[in-house]
S.K.: 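The structure's right below; bear with me while I get my questions together.
Convention: sequence-line order gives letters A, B, ...; per-chain numbering from 1. What's counted below: heavy atoms across the whole structure, side chains too, no hydrogens, waters or symmetry copies.
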Amino acid sequence: MKFVQKAMVAAAFATAALSVSAQEQFFPVLSYRVGPYAAGGSGFFGGVIDYLSLINAQGGINGVKMVWEECETEYNATRGVECYERLKKVRGGATMVEPLSTGIAYGLLDRVAQDKIPMTTLGYGRSDAADGRVFPFVFPLITSYWNQAAGMMKYLGDKEGGLDKLKGKKIVHLYHDSAYGKEPFAVFEAYAKQYGFELVKLAVPHPGNEQQSQWLQIRQAKPDYVILWGWGVMNATALKTAQRNGYPSEKILGVWWAGSEEDVIPAGSAAKGYTTMTFNTPGNYPLLDEIKKKVYAAGKGNLEDKSRIGSTYHMRGVTAAILWVEAVRKAQEKHGKGKVMTSEQVRWGFENLNVDEARLKALGALGMMPPVKTTCLDHEGSGAVKVQRWDGKAWKAVTPNWVVGDKAMIRKMQEESAAKYAAEKKITPRDCSKEG
Amino acid sequence: MLYREAGQFKATYAEDSQIFPIRQDKIGIVLILAVAFVGIPLMSVAGFLSDYSFTAILTPFLIFSLAALGLNILTGYAGQLSLGTAAFMAVGAFASYNFMLRIEGMPILVAFILGGLCAAAVGIVFGLPSLRIRGFYLAAATLATQFFIVWCLTKVGWFTNYSSSGVITAQKIEMLGYTFDTAFSKYLFVLSVVCAMALLAKNMVRTNIGRSWMAIRDMDMAAEVIGFRPMRTKLMAFAVSSFYCGVAGALFAYAYLGTVEPEGFNLDLSFRILFMVIIGGVGSILGSFFGSAFIVLLPIFLNVLIHFLESSAGINLPSGISSSIELMVFGALIIFFLIVEPHGLARLWQIGKEKLRLWPFPH
């Protein structure tokens with residue numbers, strides 16, 4: 001105990017000594033680079049750090065430098081909470097936090113509200129956190145699980161020539177048997193009822209490395225499509241088992257956590273032609289070239305394997321960091337350019353993001369991610385997704401445009417769910433008309 | 001020199017059967033409690049300790065100590081190996097949540113006790129196989145608890161109040177109009193619960209219940225012959241152990257994480273708690289605290305240390321390397337301690353005390 005505290009004090013002094021010098025915007029990086037999910041964690045947080053390094057190489061945000069400190073969470077809620085608590089006050093205070101782990105995000109949900117530090121949950125976490133009245137400090141930016149599920153339905157409908165053509169079809173929802181896999185139930189059920197297709201739900205127990213019985217059932221049911229809502233080893237196993245059972249990979253549509261290189265390469269040839277959702281368009285962008293030129297060429301790149309630059313997870317990390325930096329920039333516009341923003345000011349920035357196509361073009365990332373425009377009511381800001389196909393070597397975008405599902409329906413569900421949460425927690429929702 | 005019991009005479013049976021018969025132990029425990037209840041709060045008021053030490057260090061340490069204590073009752077005292085600890089914690093957390101949610105005006109402590117009792121009931125049901133099987137086979141049977149409970153909590157929407165994300169959000173801890181919402185007040189709350197329960201456990205293992213557990217552990221046939229009923233004894237151990245784990249789970253949800261998902265109580269957590277018991281000391285109340293400190297605090301300490309060394313030496317290790325170093329050192333330390341003392345840290349402590357008694361004339 002004593003040792004820990006002594007070291008803490010010493011570390012605090014050391015960081016304090018470093019922090020007095022310059023204008024610094026501090027980002028805690030709650031990364032995981034060891035353990036079963038290290039592949040995703042190193043790619044994502046590598047992307048984040050690469051982009052922050054690029055901003056520094058370009059002179060910071062109006063002169064304010066980005067600084068960050070990493071803390072290993074091992075994807076474990078207890079470790080993640082400890083990291084957050086350790087880093088939230090160093091170097092002038094945490095700007096925001098992004099744990100990239102559902103369990104840690106839940107552990108931080110109450111804490112960020114108390115500490116007034118915004119938390120982003122890109123593509124995971126509570127879908128109803130999009131309702132900014134009940135969750136002022138949580139930002140499920142770009143797309144939540146529910147909008148993703150609606151996007152899936154829209155894509156499949158378009159493929160058939162319109163959502164009404166889904167009538168009489170059969171869609172299997174093959175899901176990881178956990179809260180995560182059950183999250184889209186409500187959306188799929190609503191769509192099935194409205195458009196008259198049959199929804200078959202098949203659970204795969206964790207970790208999902210044995211799926212023969214599920215795929216036998218799928219073979220008997222002969223579905224038109226299979227939605228793969230998987231995680232980790234379950235994804236590659238599903239693709240391999242599908243191939244063994246003669247189910248074409250073209251008809252399998254994966255969730256975005258089933259859509260990275262790490263998911264398909266282990267499946268080998270079985271993954272060819274497989275499609276998944278994503279919130280980035282795969283490809284190369286001027287921004288990535290810039291990162292290679294200014295960050296990697298200077299020896300400051302975070303990825304050890306340079307071929308991973310622009311891979312799914314790396315691009316997601318870059319995307320996340322773009323939104324963080326834009327939020328700080330937005331906050332600076334209001335509260336003074338060239339100043340260090342407090343977490344509350346950055347929260348305002350997150351709530352008033354407007355990353356439109358012109359802005360993305362200026363960043364060199366046009367088309368890489370959908371435009372994001374958040375408000376006090378809508379903390380998600382987009383709801384758009386893309387479909388990508390694995391051609392055996394790389395991901396290729398299938399849909400030229402961004403796919404958006406029935407946003408009105410999803411919004412209604414989010415509001416209902418958030419209202420229930422507010423009632424349980426006795427939270428009075430903010431009045432958004434009074435927010436500046 | 002200081003730790004010597006010479007001259008301390010026991011004149012009555014009551015004196016002889018105290019929890020801490022040696023005066024130095026009594027002083028020690030009073031000092032520890034005084035530091036925990038008074039010293040640490042004073043340091044916090046004086047500004048030496050930040051919220052960080054309460055919410056990220058002390059609170060989780062105490063909660064995991066309680067869970068390890070629960071498992072230690074079952075595995076250490078009654079000799080029944082279990083891999084379902086996290087599941088019992090989950091039952092405690094989810095049951096407390098539902099009692100709070102569905103019964104208006106439910107006092108939090110009563111909800112915790114009821115949550116613990118639910119966990120005890122589940123423990124009795126899943127303890128039934130222990131009547132026929134033992135050792136590793138029982139561990140495999142308790143594995144079923146782990147998977148069944150987590151599956152059940154995800155499957156049945158009622159447990160999570162039909163939350164779309166399948167998670168529960170702990171209500172506020174309120175007692176007599178006071179809300180425990182700061183890191184510091186939550187620490188005091190957890191500390192009080194853990195101290196009360198640890199004292200209870202310490203006493204329980206000295207009574208005939210505890211003795212019957214140990215008899216069953218050491219040789220169940222012999223225990224049966226001398227008149228202990230194996231069924232009642234084993235199921236009692238399961239019930240008490242699960243009760244402790246259930247309360248620990250409720251504290252984990254209410255005083256620590258806030259929002260928990262069933263997946264949070266996975267097999268990994270069960271193993272971590274089992275390791276706490278093994279490293280801390282099987283069959284020792286104190287060992288549970290040592291084990292929890294080792295497993296919860298040591299990785300944090302290593303992490304801080306590596307960061308500190310990095311910054312003071314002015315080097316920047318490539319990302320990922322420091323995480324790996326931390327893991328390797330932690331693993332090496334576990335092996336080191338188990339080789340030095342296979343009976344755990346509690347045994348090391350005991351040996352240390354023996355040595356102190358003989359000092360300076362060891363024989």
Side-chain angles (χ1 to χ4, degrees), chain A residues 1 3-5 7-8 10-11 14-15 18 31-34 38 42 45-46 49 69-72 74 76-79 81-86 88-89 102-103 106-111 114 125-128 146 177-180 182-183 185-186 205-206 302 304 413 417 420-421 424-426, chain B residues 48-53 55-58 60-61 64 101 147 150-151 154-155 157 160-167 169-172 181-183 256-264 266 268-269 272 293 296-297 299-301 303-305 307-308 311-312 318-324 326-327:
Chain A
M1 254 337 296
F3 287 127
V4 175
Q5 275 160 15
M8 297 273 149
T15 45
L18 284 172
S31 62
Y32 41 97
R33 294 172 184 272
V34 291
S42 60
F45 292 104
I49 292 175
E69 198 164 309
E70 270 196 84
C71 184
E72 174 67 43
E74 295 176 13
N76 172 333
T78 319
R79 291 292 303 273
V81 167
E82 190 274 330
C83 280
Y84 165 78
E85 292 289 343
R86 190 195 315 169
K88 75 180 184 192
K89 282 200 181 132
T102 312
Y106 287 146
L108 299 184
L109 211 55
D110 288 346
R111 291 166 195 262
Q114 210 165 23
R126 290 186 80 110
S127 297
D128 55 4
W146 285 351
D177 198 4
S178 63
Y180 155 69
K182 292 186 171 163
E183 186 107 23
F185 273 16
H206 180 79
N302 195 267
E304 277 163 44
M413 287 171 61
S417 177
K420 203 171 108 187
Y421 176 85
E424 242 179 60
K425 289 282 278 185
K426 300 193 179 82
Chain B
F48 287 117
L49 285 178
S50 62
D51 275 3
Y52 168 77
S53 13
T55 183
I57 306 264
L58 294 169
F61 157 69
F64 282 113
L101 179 78
F147 291 117
V150 172
W151 172 81
T154 354
K155 185 83 186 167
T160 56
N161 197 20
Y162 303 100
S163 150
S164 56
S165 307
V167 296
T169 302
Q171 296 88 348
K172 286 198 178 87
D181 53 358
T182 62
Y256 184 54
L257 280 187
T259 301
V260 285
E261 48 175 354
E263 295 300 307
N266 54 11
D268 198 48
L269 184 64
R272 273 163 63 94
V296 177
L297 304 183
I300 299 174
F301 169 67
N303 188 292
V304 173
L305 183 75
H307 273 287
F308 175 68
S311 66
S312 56
S319 312
I321 299 285
S322 51
S323 311
S324 307
E326 176 197 323
L327 222 62

S.K.: Going by atom types alone, do A/Glu72 and A/Ser31 pair a side-chain donor with an acceptor below 3.5 Å?
M.R.: no

S.K.: Output the option from A/Lys426, A/Arg126, A/Lys425, A/Glu424 having the highest count of non-hydrogen pairs under 4.5 Å with chain B.
M.R.: A/Glu424

S.K.: Under a 4.5 Å heavy-atom cutoff, which of B/Lys172, B/Glu326, B/Gln171 has the most pairs with chain A?
M.R.: B/Glu326

S.K.: With no hydrogens and no angle check, just 3.5 Å: does a side-chain donor-acceptor pair link B/Glu263 and A/Ser178?
M.R.: no

S.K.: State, yes or no, whether a side-chain contact exists between A/Tyr180 and B/Glu261 at a heavy-atom distance under 4.5 Å.
M.R.: no

S.K.: Do A/Glu82 and B/Asn303 make a side-chain contact, defined as non-hydrogen atoms from C-beta onward lying under 4.5 Å apart?
M.R.: no

S.K.: Is chain B contacted by the side chain of A/Asp177, its backbone, both, or neither, given a heavy-atom distance below 4.5 Å?
M.R.: both

S.K.: Mind checking what makes ring-ring contact (aromatic ring centres under 6.0 Å, His included) contact with B/Phe64, not counting sequence neighbours?
M.R.: B/Phe252

S.K.: Taking every non-hydrogen pair under 4.5 Å, which of B/Val260, B/Asp51, B/Asn161, B/Leu101 racks up the most with chain A?
M.R.: B/Asn161

S.K.: Just so I understand: if I count every heavy-atom pair under 4.5 Å between each of A/Trp146, A/Phe45, A/Tyr84 and chain B, which residue has the most?
M.R.: A/Trp146

S.K.: Is chain A contacted by the side chain of B/Ala183, its backbone, both, or neither, given a heavy-atom distance below 4.5 Å?
M.R.: neither

S.K.: A/Ser42 versus chain B, heavy atoms under 4.5 Å apart: side chain, backbone, both or neither?
M.R.: neither

S.K.: Below 4.5 Å from any heavy atom of chain A, which atoms of B/Asp181 appear? Answer side chain, backbone, both or neither.
M.R.: both

S.K.: So do the side chains of A/Cys71 and A/Arg86 get within less than 4.5 Å of each other, counting heavy atoms only?
M.R.: yes

S.K.: Under 4.5 Å heavy-atom distance to chain A, tell me which part of B/Lys155 shows up: side chain, backbone, both or neither.
M.R.: both

